[in-house]
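A quick write-up on the structure given underneath.
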Amino acid sequence: MTDIEIRNGARDFRLMSRKYVDALLQLQEYNRFSKGLFSWVGFRVKWIEYENIERAAGSTKWSFWSLFKYSIEGIVAFTTIPLIVSSVVGLMLCLCALSAVLFIAIRKILFGDPVDGWASLACLITFIGGCQMFFLGIMGQYVAKIYLENKKRPIYIVDEETE
């Protein structure tokens, strides 16, 4: 969902150059999704393969819900795709409701309607819900832009300076 590559299976343990560390420390955001930030700064990375074995003692502190919240944090921190999906789904609901209203009107004219009211009410509720989702997605896009600006991430990071 993001513009950056977050490698599957990457761990948080890593060796970093001083430039890499300084670039990460430059970022002023409070909620830090580390896997995304490590990729976002854009320095070269060398991956070392190893076999992941069971821990010798103790147990993980991560529960299902902790990992789920962490994944939501990553989605919120590095993409606005869910907001776009919300807008598209809302627009689709509006179009479905309008086509259903058209179908109901044609059916009423041609065949009559054995049960008056319920279908048009369902279409109206779907249309209003679709409009709300669409406009909520649009407003979410504006809030996301404010959120991204508020992070104060640098536009780019200089890897090397030459004279």
Side-chain angles (χ1 to χ4, degrees), residues 1-14 23-45 47 49 52 54 59-157:
M1 281 195 222
T2 70
D3 294 336
I4 62 168
E5 180 188 347
I6 300 174
R7 185 162 172 160
N8 188 22
R11 305 292 186 241
D12 286 336
F13 302 107
R14 56 191 70 220
L24 285 171
L25 292 175
Q26 236 182 38
L27 304 176
Q28 299 176 8
E29 54 201 89
Y30 178 76
N31 295 312
R32 293 175 169 249
F33 179 69
S34 56
K35 289 184 185 341
L37 291 176
F38 291 149
S39 296
W40 184 84
V41 293
F43 287 89
R44 283 181 297 153
V45 175
W47 299 100
E49 295 287 329
N52 194 12
E54 293 289 322
S59 61
T60 182
K61 302 290 187 263
W62 288 95
S63 66
F64 171 79
W65 291 110
S66 299
L67 287 170
F68 181 74
K69 289 191 313 189
Y70 188 63
S71 69
I72 296 297
E73 180 77 29
I75 291 169
V76 168
F78 283 95
T79 187
T80 58
I81 297 293
L83 299 171
I84 295 168
V85 169
S86 172
S87 295
V88 169
V89 168
L91 190 60
M92 288 171 48
L93 280 174
C94 287
L95 294 175
C96 285
L98 289 175
S99 63
V101 166
L102 186 64
F103 171 77
I104 290 168
I106 292 171
R107 188 180 71 181
K108 174 75 172 172
I109 292 168
L110 296 178
F111 305 110
D113 195 3
V115 182
D116 284 333
W118 77 267
S120 57
L121 183 62
C123 289
L124 185 62
I125 290 170
T126 303
F127 180 74
I128 290 171
C131 287
Q132 287 176 334
M133 272 186 83
F134 176 71
F135 290 116
L136 211 64
I138 298 296
M139 286 191 323
Q141 285 287 332
Y142 284 113
V143 172
K145 301 277 186 224
I146 294 167
Y147 174 65
L148 292 173
E149 285 292 325
N150 205 24
K151 287 182 180 184
K152 297 180 182 160
R153 287 185 185 162
I155 296 170
Y156 54 88
I157 295 174

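Numbers for residues simply follow the sequence, beginning at 1. Nothing here was measured: the structure is a model prediction, and the numbers come from that model.
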So which heavy atom on [X] is nearest to which on [Y], and how close?
X	Y	value
A97	C123	CB-O, 3.5 Å
G140	L83	O-CD1, 3.2 Å
I75	T79	O-CG2, 2.9 Å
G90	M133	CA-CB, 3.7 Å

Using 0.5 Å steps for rounding, measure from the [atom1] atom of [X] to the [atom2] atom of [Y].
X	Y	atom1	atom2	value
M92	L95	CE	CG	8.5 Å
C94	I128	SG	CD1	10.0 Å
S86	I81	OG	CD1	12.5 Å
L67	I72	CG	CD1	12.0 Å
L121	T126	CG	OG1	9.0 Å
S99	I104	OG	CD1	9.5 Å

Fill in: The single option from Y70, W62, F64 passing side chain to side chain contact (heavy atoms under 4.5 Å, CB included) against S66
W62
Practice prompt. Just say parallel, tilted or perpendicular for the rings of W65 and F68, cut-offs at 30° and 60°.
Written response: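 W65 and F68: perpendicular rings.
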Discussion item. Looking at F103, I want to see if its CZ is surrounded by more than 12 non-hydrogen atoms of other residues, nucleotides or ligands under 6.0 Å.
Written reply: no
Worksheet item: Who are the side chain to side chain donor-acceptor pair (under 3.5 Å) partners of S59, not counting sequence neighbours?
Response: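 For S59 there are no side chain to side chain donor-acceptor pair (under 3.5 Å) partners, ignoring immediate neighbours.
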